Amino acid sequence: MTIQELKEKVFEANLDLVKNGLVIYTWGNVSGIDREKGLVAIKPSGVSYEKMRPEDIVILDLEGNIVEGSLRPSSDTPTHLVLYKAFPSIGGVVHTHSTFATAWAQAGMDISCLGTTHADYFYGPIPCTDDMTPEMIEGDYEKNTGIAIVERMVGIDPVATPGVLVKNHGPFTWGKTPSEAVYHATVLEKIAEITLHTLALNPDADIRRELIEKHYLRKHGPKATYGQG
């Protein structure tokens with residue numbers, strides 16, 4: 001993949017955030033990585049989606065050094081870089097402030113798996129990070145946000161659980177590609193909405209573990225039967 005192709009994939013994925021109703025103004029960003037080249041492409045900081053062009057996408061190395069581009073990269077770039085280093089299987093990262101997922105993040109609550117819609121995409125609860133310490137907030141805040149995510153994901157497969165809520169902040173999702181990371185962000189937002197309505201109707205709602213297993217594994221397991229193969 002050429003650098004131009006990476007830019008265009010990330011550009012289109014950023015526009016999909018708007019199309020899918022996940023962002024307003026400049027409230028979000030998508031990045032993608034070329035693992036062979038060790039380069040990351042990400043949305044420029046504070047540039048509106050309406051005015052953004054593929055050539056505005058910023059290229060950096062994994063240490064955050066700008067390789068190509070005249071604009072400043074997203075302020076969340078250090079968070080994305082931490083995730084790429086921690087999760088070698090991912091190829092794209094998304095951050096939004098989508099309404100329902102952000103509400104759960106502000107409440108500081110995991111999104112429990114209560115139904116098959118959730119289980120089709122996330123293998124168990126969608127985790128929420130712990131409070132960041134004053135030192136983390138006052139220090140390298142964006143990098144420390146990534147560290148808080150990685151710490152919360154200890155013992156959790158990032159492929160089976162392709163997203164997390166950052167407490168008091170909002171969701172981050174990832175995938176094999178930038179477009180798949182957007183897909184997971186869209187699914188996470190809908191799950192957050194459905195779960196909120198479910199608990200409003202029945203605060204004691206629950207699901208059998210066997211049903212979670214059935215739905216996740218039929219779509220993602222070694223003997224998956226969903227789709228056309």
Side-chain angles (χ1 to χ4, degrees), residues 16-17 20-23 27-31 76 79-80 82-84 86-87 89-132 145-221:
D16 284 343
L17 294 184
N20 294 354
L22 298 177
V23 301
W27 295 12
N29 44 72
V30 183
S31 69
D76 294 304
T79 308
H80 290 238
V82 170
L83 298 180
Y84 285 125
F87 307 143
S89 62
I90 69 175
V93 174
V94 169
H95 172 51
T96 76
H97 294 262
S98 58
T99 303
F100 289 95
T102 300
W104 283 90
Q106 291 183 170
M109 297 173 65
D110 294 357
I111 302 177
S112 299
C113 183
L114 299 178
T116 60
T117 308
H118 182 137
D120 278 339
Y121 299 96
F122 289 83
Y123 196 31
I126 299 168
C128 185
T129 66
D130 295 328
D131 283 311
M132 294 179 70
T145 297
I147 291 171
I149 293 171
V150 173
E151 289 177 346
R152 182 63 182 87
M153 291 294 293
V154 170
I156 302 173
D157 181 358
V159 174
T161 303
V164 70
L165 307 173
V166 176
K167 189 176 180 186
N168 305 119
H169 190 167
F172 281 82
T173 59
W174 45 82
K176 295 188 294 291
T177 63
S179 61
E180 186 177 75
V182 173
Y183 185 88
H184 290 148
T186 307
V187 171
L188 191 159
E189 174 65 6
K190 184 54 69 174
I191 289 170
E193 180 181 3
I194 292 170
T195 307
L196 183 63
H197 289 311
T198 301
L199 293 174
L201 290 166
N202 180 8
D204 298 318
D206 202 354
I207 187 174
R208 290 187 180 277
R209 182 67 198 181
E210 292 86 352
L211 195 53
I212 296 174
E213 297 279 339
K214 171 63 73 174
H215 271 261
Y216 184 82
L217 294 176
R218 77 172 187 168
K219 204 160 193 173
H220 306 283

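All values derive from a computational prediction rather than experimental measurement.
With sequence neighbours left out, the side-chain contact (heavy atoms from CB on, under 4.5 Å) criterion links Lys190 to Glu193, Ile194. When the side-chain contact (heavy atoms from CB on, under 4.5 Å) test is applied to Ser89, the partners found at least two apart in sequence or on another chain are Val159. For Asp16, the salt bridge (charged side-chain N to carboxylate O under 4.0 Å, His left out) partners two or more places apart in sequence, or in a different chain, are Lys19. When the salt bridge (charged side-chain N to carboxylate O under 4.0 Å, His left out) test is applied to Glu189, no partner is found at least two apart in sequence or on another chain. Partners of Lys176 by side chain to side chain donor-acceptor pair (under 3.5 Å), not counting sequence neighbours, listed by chain and number: Glu180. Under the rule for a side-chain contact (heavy atoms from CB on, under 4.5 Å), the partners of Met109 that lie at least two apart in sequence or sit in another chain are Trp104, Ala107. When the ring-ring contact (aromatic ring centres under 6.0 Å, His included) test is applied to Tyr123, the partners found at least two apart in sequence or on another chain are Tyr216. Residues meeting the salt bridge (charged side-chain N to carboxylate O under 4.0 Å, His left out) test with Asp110, sequence neighbours left out: Arg152.
Atom CG of Leu165 sits about 8.5 Å away from atom OG1 of Thr102, to the nearest 0.5 Å. Taking CD1 of Ile111 as the reference point, atom CG of Leu199 lies at 10.0 Å (rounded to 0.5 Å). Here OG1 of Thr116 is found 13.0 Å from NZ of Lys214. Values are rounded to the nearest 0.5 Å.
The side-chain hydrogen bond (donor to acceptor under 3.5 Å, both in side chains) test with Tyr121 singles out one residue from Lys219, His184, His220, and that residue is Lys219.
Inter-residue side-chain proximity for Thr145 and Thr129 is flagged as unmet; no heavy-atom pair is nearer than 4.5 Å. The closest side-chain heavy-atom distance from Leu83 to Ile149 is below 4.5 Å. Side-chain contact between Asn29 and His80 is present, with at least one heavy-atom pair separated by less than 4.5 Å.
For residues 112-127, there are no salt bridge (charged side-chain N to carboxylate O under 4.0 Å, His left out) pairs, not counting sequence neighbours. Among residue pairs with one or both ends in residues 202-211, those qualifying as side-chain hydrogen bond (donor to acceptor under 3.5 Å, both in side chains) are Arg209-Glu213; sequence neighbours excluded. The salt bridge (charged side-chain N to carboxylate O under 4.0 Å, His left out) pairs that include a residue from residues 95-107 number zero, where partners must be two or more places apart or lie in different chains.
Taking every heavy atom of both residues into account, Gly124 and Ile212 meet most closely at N-CG2, 4.4 Å. Closest non-hydrogen pair, Ser112 versus Thr195, comes out as O-CG2, 4.0 Å. Closest approach of Leu22 and Thr96 over heavy atoms only: O-CB, 3.8 Å. Of all heavy-atom pairs between Ala86 and Val150, the closest is CB-CG2, 3.5 Å. Nearest heavy atoms, Ala205 versus Thr198: CB-CG2, 3.8 Å. Closest approach of Gly163 and Pro127 over heavy atoms only: O-CD, 3.7 Å.
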Review item, side-chain donor-acceptor pairs of residues 166-175, under 3.5 Å, at least two apart:
residue, atom, partner, partner atom, Å
Lys167, NZ, Asp131, OD1, 3.0
Lys167, NZ, Asp131, OD2, 3.1
His169, NE2, His95, NE2, 3.1
Thr173, OG1, Ala181, O, 2.9
Trp174, NE1, Pro158, O, 2.8

